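Encoded as structure tokens, the structure appears first; notes follow it.
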Amino acid sequence: MPAVDLSHSRADEEFRAEARAWLAAHVPRTPLPSLETAEGFAAHRAWEAELAADRWSVVSWPKRYGGRDAGLLRWLVFEEEYWAAGAPGRVGQNGISLLAPTLFDHGTQEQRARVLPPMATGEAVWAQAWSEPEAGSDLASLTSRAVRTDGGWLLRGQKTWSSRAAFADRAFGLFRSDPDAPKPHQGLTYLMFDLRAPGVTVRPIGRLDGKPAFAELFLDDVFVPDEDVIGEPGRGWRIAMSTAGDERGLTLRSPGRFLASAHRLVALWRARGCPEHARARVADAVVGARAYQLFTYAAASRSLEGEELGPESSTNKVFWSELDLALHETALDLLGPEGERADTDWSEGYVFSLAGPLYAGTNEIQRDIIAERLLGLPKGRR
Amino acid sequence: MPAVDLSHSRADEEFRAEARAWLAAHVPRTPLPSLETAEGFAAHRAWEAELAADRWSVVSWPKRYGGRDAGLLRWLVFEEEYWAAGAPGRVGQNGISLLAPTLFDHGTQEQRARVLPPMATGEAVWAQAWSEPEAGSDLASLTSRAVRTDGGWLLRGQKTWSSRAAFADRAFGLFRSDPDAPKPHQGLTYLMFDLRAPGVTVRPIGRLDGKPAFAELFLDDVFVPDEDVIGEPGRGWRIAMSTAGDERGLTLRSPGRFLASAHRLVALWRARGCPEHARARVADAVVGARAYQLFTYAAASRSLEGEELGPESSTNKVFWSELDLALHETALDLLGPEGERADTDWSEGYVFSLAGPLYAGTNEIQRDIIAERLLGLPKGRR
Amino acid sequence: MRFLLDAEQRAFTGSLHAMLSAAGTPAVIRDWSRGDPARGRALWSRIAEAGVFGLAVPEDHGGLGRHPVELALAFVELGRHAVPGPLVETVAAAVLLQDLPSAKRFLPGLVAGTDLATVATPLGHALTTTPAPTEPAPDTGPPPTAPTRDPDPARPRLAADTAAARYLAPGPDRAPGTDPAAPQLALDADAATLRLVLTADGLRVATAAAGPPRRSLDPARRLTPLTPDGELLTPDPPRERALTWARLAIAAQALGVGLALLDRTVAYVRQRTQFGVPIGSFQAVRHRLADARTALEFARPLVLGAAVSPRPADVAAAKLMACEAAYTTARAALQLHGAIGYTAEYDLSLWLTKARALRTAWGTPEECREAVLDDALKGHDAPRRPAGPVGEAGP
Amino acid sequence: MRFLLDAEQRAFTGSLHAMLSAAGTPAVIRDWSRGDPARGRALWSRIAEAGVFGLAVPEDHGGLGRHPVELALAFVELGRHAVPGPLVETVAAAVLLQDLPSAKRFLPGLVAGTDLATVATPLGHALTTTPAPTEPAPDTGPPPTAPTRDPDPARPRLAADTAAARYLAPGPDRAPGTDPAAPQLALDADAATLRLVLTADGLRVATAAAGPPRRSLDPARRLTPLTPDGELLTPDPPRERALTWARLAIAAQALGVGLALLDRTVAYVRQRTQFGVPIGSFQAVRHRLADARTALEFARPLVLGAAVSPRPADVAAAKLMACEAAYTTARAALQLHGAIGYTAEYDLSLWLTKARALRTAWGTPEECREAVLDDALKGHDAPRRPAGPVGEAGP
């Protein structure tokens, strides 16, 4: 009767073993500098190349673009091994997990062939350019323009909170190409552009600890050729929203990351003498990471059988962001007065975790979605 | 320079000593049965008489009604001693803290002389009759009627969540005397009535643990003579809202109660071997009770200098209700599996504390008031 | 790897849900609480007919073989309908008894639903007075499917075993302030037909309830004192395996309780109006329910995962999180119902009070956390690299 | 009993607030963070002119006498404006030094603001390596007004004293995983003109910073290593009294930080619109700020009460609750500002990061709770009656 099966196939376990062995041989022995610094960005870009050389940078992509055609389950296995090995953060993540799925669904063959291979090797690192100063959680109110010109478009306006943009090569985002469209969601176009093109000014923005984790982009008639438009002009909103929406909810943060963090937290707790005041929170982090892993396996199983996940990604977002923050707050509390120091991996992780409830749709927005779409509660005025 | 002074006057300390000595001699050695039972109600009524015999039942009232003319500070001192002594709950509380202040402000001399002395002795125990089935937190939507008749009024309709009413003698509340008044707050009259009058049906309601802590009242042309109307007919809303509003925020739950509870919690924690898992929560209960005491002393000091407190009573309500619940949840957790048993004082207190965030204006309503009136945030659609 | 129910499993839970819905459990619960088990016994028979108790009993004793996944699914439904009675205890009894020579005296009746069993649990910390064994407790039996979490199958499972053993055999110094001579309380021992007590010398029968029930905060739970005055069935009962199955069942039951509380509260806030609008349109209400939904949504796979591979630590984690999610939901449900939710006569109370009681039955949150951490520490290799930044993508 | 500020106290805080508002502290803080203390030193002088440091110094050393209430009021304002520098440490230094024969060498400069002092604090748990004394630490000095909480003034105050002594003299086994030989970190030792180190043998001077500052999560806090290479000032400094005054000051400072965070966030959510309305009209936003307001509102009297009667346990309670309220408010402020709040260039960050750092400076939450509970247990008579129902009025 046991149709529920948590064991991986033999092939997947062989894949796991191969990944583990490779990582054991290649993961740098000393941590790379923070990827939010120029030095660290370069080191992380080099790491992407090292991953790519043995086809470990984009395991879920088709082989012809540098991947291994790994399915969702195998990707989860890879991520478990990757983070358990203490491997570096992924500087290519924005491109790999946000732009690439869009290109697979809506790009042209030419775009994929041109854009994906250098993304896989870290030769081109991508920044996202969604937000604008007056459009935070309300993306439909974007005002940056894409104006038609010969053979392409001219971008005008300002983007902000563009993560990785301080040091990245290229960016992607939505621009208003038809300001007269009847509804704000219409008349937006999905474009890729070069961060070093004429007319682009990149102003790095320091996050709470001062590191330039994102940037403002000032765009002054930046020319984008037609070949860098994804999908039909004016259909950008739908493209951005639809693309692999289900899977993206799963792949934004893999369970492997939190399992590894919880493991490190237990090690820290032990190293500090297992102080009782943190016992419950350490246990809850372990349990939370396991719950997130199993939730993801369940969602992946449904996704593989063709079910749509939809608003479940909102519970997912709320859960992992709160787990991550609680886990890091517990770690800092274990460090006591040393928790104040900014030069530890735990404090770097803490600052990063503070952004979890804010970005990719604030948790307030997610709770509204859960209430309306999962619980069927009446639409409030929020 | 120290104008801030937390020491009590010599006279107040003498008052404290007198109260302490009396309580040490009179507080029953074994706890009385729950006052939410017939047997316990009678025992608590007898205790009110014992208090009253030595003028301890209503210390803040004028002497001619059975009190000691104690001011607000001295009342706080009395409460500290009362609860520290482990004295019984006060079955007369509804009348003493809600109806009596209204009579002092808006009643006639005749009403005070007639109503207050038996209230002070427990001879007459009062229930409140505010809520109606369709008017929970929204009192202005009351629909129970008071219809004019010769020499008085006829009450018709239904009240609910009437605490103490299962066993009490009399009740007070608001009734709609002018259904044509232009606004829902208008046309309400404040009345007292007998729970054993013809036309009154009392249906006890069990709270979560089954004890009849409140009742439904069905009123079928219950005659109320004019002498039992408080203030002008039609002005009931204003009377109910205005009466000693400031002080009521302070006197609804005295700090002495929570100081005593925190003290008992520390004793329980010690008796259980000071388990580490509860350390933080026990400490927070001790600190919270002290904060509540000092907050109340500050508010009382302002009140004594003529300042209006107003919306501060909303922070007060949110704070004590959450403190009380957290304190009792901690106690049950200390009891472990025994916490499930319904026959302990801690579980009785726990069930009681669950109601804290619900009654006297839900904590959601209180937070709306804090946001609008203390923080000046725009009025939302909630 | 396929972490999804199959059609047969869905049909099983669906039919159980339909049967329990039709049974009108609130009236059954209220009878049971008053000490009138007639309707409860009838419902119990139908639950047995559906095969629920057979899922914990090997086929050679009339059961269906051990099927922890299906058992957990069934207990979610039992919790969702707040079915009264010693359900978890009957499962624990079946596990305690199934390796005994005398098993066939007891098990067929449990499977058939003609017998209800109870086991004196550590209510009042008075289960036994033997010190904790220092050796590993008996194995929990082979998991139905291979565990996936631990890449090293040879890793000893001492840790959680020890915590569990401590739990079922608390030492005299474990709970200061309790009376070791107090009679042991067992759930619904007045209604049960088979009463078991775990004692220092093993597993014994109690011939009858030793007194009237004590009141629980959940009126449907009749905590009845037992004295181990009967036959010694075995000196070495499988305490740990029984605890594991009991915790799995109670975790599932708590999840079901939480799901029902959420459903009822969602329905209530959609129709209840205040200030002229449904209270479900207030953002504070919406967000509180969204949080309850999230908590339950993440407890569910823990429960199912623990059933797939019932390691003691995983079962403890599921018990912890399912009970906490149910209690969180109960607090939200009470707050959003307001006064009506605070009354015993309103049916919501049947679930509210159960959510609180299940939190501490068969293991408090702290005891469950202890099992989780003992396991995490024992299984803890030094991290392969001392530290590394965890996150980098976004925001 | 009059738990209210008088007109003079209100005028004092009002004028301090006005002066600090005019000073434009954000620019001063940013300079300070970059290692340019010029504007910070100028502001420091004006704070000294206002009499702030004199409030911790007896009159015979040029101070105004010990006035913990006014000191606390001043520190609320310093926190509200996020003034940088070793403010708390200068107060602690003044207390450590004031009974020494050499006090007059140091104190006038501290009072006048020409000197800034720092004290190596237990950052990194490396303050001293002496074991905790088992005898009570020196008295904290007579409280300015009689304490009111404890009806028995003869009750010994051992408990909190001991916890405090432990805090300022952590044993080698206290913080596993730390290096006892690490240099001790002191706040802003690079800018300070008087550097003190508490060592096993007493109180010593450090002649200079022993290295460049380490980065704190609060960029305005420059954690600078010190080596106790200078004069031994005393073998028996009043560690506990210094700790009490430092915790009182930091509690007040944290309260001020929290109040400023609340004010700024309220202003922001009133003007920031999303979906066409101010975000301050969303109930989730309103309630989160209401909770922050409540937390701060109840921390305030604890801080003032601890100043009136600076018992170590009361000061620890104030430090605990003020810092927790400030951190709660910081989390709300960050969440409600969204991405802009997450940036270093937006001034909110100056307060956000300070709220986090103050939580663990001069005593972690757990250390403060320990002081509270040691006191509660030591002062604990058995309850006069074992138990009694607590509540009865309403609902």
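Since we're looking at a predicted model, the values are computed, not measured. Throughout, protein chains are lettered first and strands after them, A, B, ... in sequence-line order, and every chain is numbered starting at 1.
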Any heavy-atom pair between the side chains of C274(A) and L377(C) that's under 4.5 Å? yes
F298(C) meets the ring pair (Phe, Tyr, Trp, His ring centres under 6.0 Å) criterion, sequence neighbours left out, with F295(A), F319(A)
Practice task
Go through the steps for V286(A) and R369(C) under the test side-chain contact (heavy atoms from CB on, under 4.5 Å), then give the verdict.
Solution key: CA-CA 10 Å; V286(A) 171; R369(C) 289 189 174 105; over 6 Å; no
If one checks every heavy atom of E322(A) against chain C at 4.5 Å, the contacting part turns out to be neither
### Message
Is the shortest side-chain heavy-atom distance between Q366(A) and T294(C) below 4.5 Å?
### Response
no
Scanning both residues in full, the closest heavy-atom pair of P378(A) with S281(C) reads CG-N, 3.8 Å
When the 4.5 angstrom heavy-atom criterion is applied to R207(A) and chain C, the contacting part is neither
**Asked** Any salt bridge between R2(C) and E305(A), counting N to O under 4.0 Å?
**Response** yes
Cut-off 4.5 Å, heavy atoms of chain C, and the answer for L375(A) is both
Okay, L373(C) and chain A: the region with an atom under 4.5 Å from a heavy atom over there is side chain
task: Report yes if the side chains of V287(A) and L302(C) come closer than 4.5 Å at any heavy-atom pair, otherwise no.
output: yes
d(S301(A) OG, M1(C) CE) to nearest 0.5 Å is 3.5 Å
One option among N363(A), T344(A), T315(A), V318(A) has the most heavy-atom pairs under 4.5 Å with chain C, and it is T315(A)
Of all heavy-atom pairs linking L294(A) and P301(C), the shortest is CD1-O, 3.4 Å
Flag the pair E370(C) / R279(A) as yes when at least one side-chain heavy-atom distance between them is below 4.5 Å, and no otherwise.
yes
D368(A) and H287(C), any side-chain heavy atoms less than 4.5 Å apart: yes
So CD1 of I370(A) and CG of D291(C): to nearest 0.5 Å the spacing works out to 7.5 Å
Worksheet item: Is the shortest distance from a Lys or Arg side-chain nitrogen in E372(A) or R286(C) to a carboxylate oxygen in the other one below 4.0 Å?
Response: yes
Note: vs chain C, highest number of non-hydrogen pairs under 4.5 angstrom among S353(A), A371(A), A291(A) is A291(A)
Sorted by chain and number, sequence neighbours left out, side chain to side chain contact (heavy atoms under 4.5 Å, CB included) with A11(A) holds for S9(A), R74(A)
Interatomic distance, CG@L6(A) vs OG@S309(C), rounded to 0.5 Å, equals 7.5 Å
Scored by heavy-atom pairs under 4.5 Å with chain C, the best of D284(A), V282(A), L73(A) is D284(A)
Residues at least two apart in sequence or cross-chain that pass ring pair (Phe, Tyr, Trp, His ring centres under 6.0 Å) with F15(A), listed by chain then number, are W56(A)
Against chain A, residues from residues 261-270 of chain C with at least one heavy atom under 4.5 Å, in numeric order, are L262(C), V266(C), V269(C), R270(C)
